[in-house]
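Nothing fancy with the numbering, it's 1 onward along the sequence.
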Amino acid sequence: MREPTTVAASDYSDYFQSYSVVGLLAVVGVLFVAVAFGAGRLLRPVVPTPEKLLTYECGVDPVGEGWAHTQVRYYVYAFLYVIFAVDSIFLFPWATVFAAPGYGATTLVEMFVFLGFLAIGLLYAYKKGVLTWA
């Protein structure tokens with residue numbers, strides 16, 4: 001039978017010490033932001049006037065109702081951009097793992113599956129006519 005291994009208390013203290021540093025930095029960061037916002041609230045002048053309470057949009061006084069019609073295709077283009085931006089971000093770590101010994105074939109297959117899903121989505125958007133500007 002194999003003897004159970006014992007873990008010294010110092011091993012745990014070293015392990016949690018690294019997390020305590022990260023936690024302390026997070027708390028300091030949150031406190032820094034809270035103090036900055038609190039100081040801004042205390043130091044700013046508060047003089048509400050009718051002009052300051054008026055809705056302001058790009059230097060033009062608002063006219064009419066607040067609902068504006070927007071073409072959906074602009075959102076679709078933005079969505080497609082996000083998809084391909086994520087794809088390009090995914091390619092960099094993949095390239096570093098692909099260069100590591102022993103991972104070549106597996107990562108190559110994974111990348112082609114990922115690119116296949118993206119190609120299917122792009123083909124679907126093309127078939128639906130989403131990619132035509134007019």
Side-chain angles (χ1 to χ4, degrees):
M1 270 182 93
R2 190 173 176 190
E3 291 289 324
T5 58
T6 58
V7 178
S10 64
D11 292 339
Y12 286 122
S13 66
D14 291 340
Y15 179 75
F16 287 117
Q17 183 179 2
S18 61
Y19 282 110
S20 64
V21 170
V22 172
L24 180 65
L25 283 175
V27 168
V28 168
V30 168
L31 284 175
F32 182 75
V33 171
V35 167
F37 275 111
R41 181 174 285 240
L42 291 174
L43 297 175
R44 73 175 178 224
V46 180
V47 185
T49 62
E51 289 82 19
K52 287 183 180 180
L53 297 176
L54 185 67
T55 304
Y56 179 77
E57 178 95 26
C58 301
V60 180
D61 289 333
V63 177
E65 60 183 69
W67 294 100
H69 297 286
T70 305
Q71 296 281 338
V72 174
R73 73 173 68 122
Y74 299 124
Y75 295 110
V76 173
Y77 284 116
F79 186 64
L80 287 172
Y81 169 76
V82 168
I83 289 172
F84 287 104
V86 169
D87 175 36
S88 64
I89 289 171
F90 186 68
L91 284 172
F92 291 111
W94 171 80
T96 58
V97 171
F98 183 70
Y103 290 104
T106 305
T107 55
L108 187 64
V109 168
E110 288 175 353
M111 183 50 66
F112 277 117
V113 167
F114 179 71
L115 291 176
F117 280 123
L118 283 177
I120 289 170
L122 187 60
L123 182 65
Y124 176 77
Y126 177 75
K127 292 278 188 183
K128 286 295 210 177
V130 171
L131 301 177
T132 57
W133 189 258

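Residues Leu31 make up the rest of the hydrophobic cluster containing Val27, defined by ILVMFWY side-chain heavy atoms closer than 4.5 Å, directly or through other members. Cluster note: Val33 groups with Phe37 through ILVMFWY side-chain heavy atoms spaced under 4.5 Å, whether in direct contact or through intervening members. With side-chain heavy atoms closer than 4.5 Å counting as contact, directly or through intermediates, Phe32 stands alone and belongs to no larger hydrophobic cluster.
Looking at residues two or more places apart in sequence or on another chain, you find a side-chain contact (heavy atoms from CB on, under 4.5 Å) between Arg41 and Arg44. Remark: Lys127 engages Leu123 in a side-chain contact (heavy atoms from CB on, under 4.5 Å) (not counting sequence neighbours). For Phe114, the side-chain contact (heavy atoms from CB on, under 4.5 Å) test picks out Asp87, Phe90, Met111, Leu118, with sequence neighbours left out.
Note on Leu108: it clusters hydrophobically with Leu115, by side-chain heavy-atom contacts below 4.5 Å among ILVMFWY residues.
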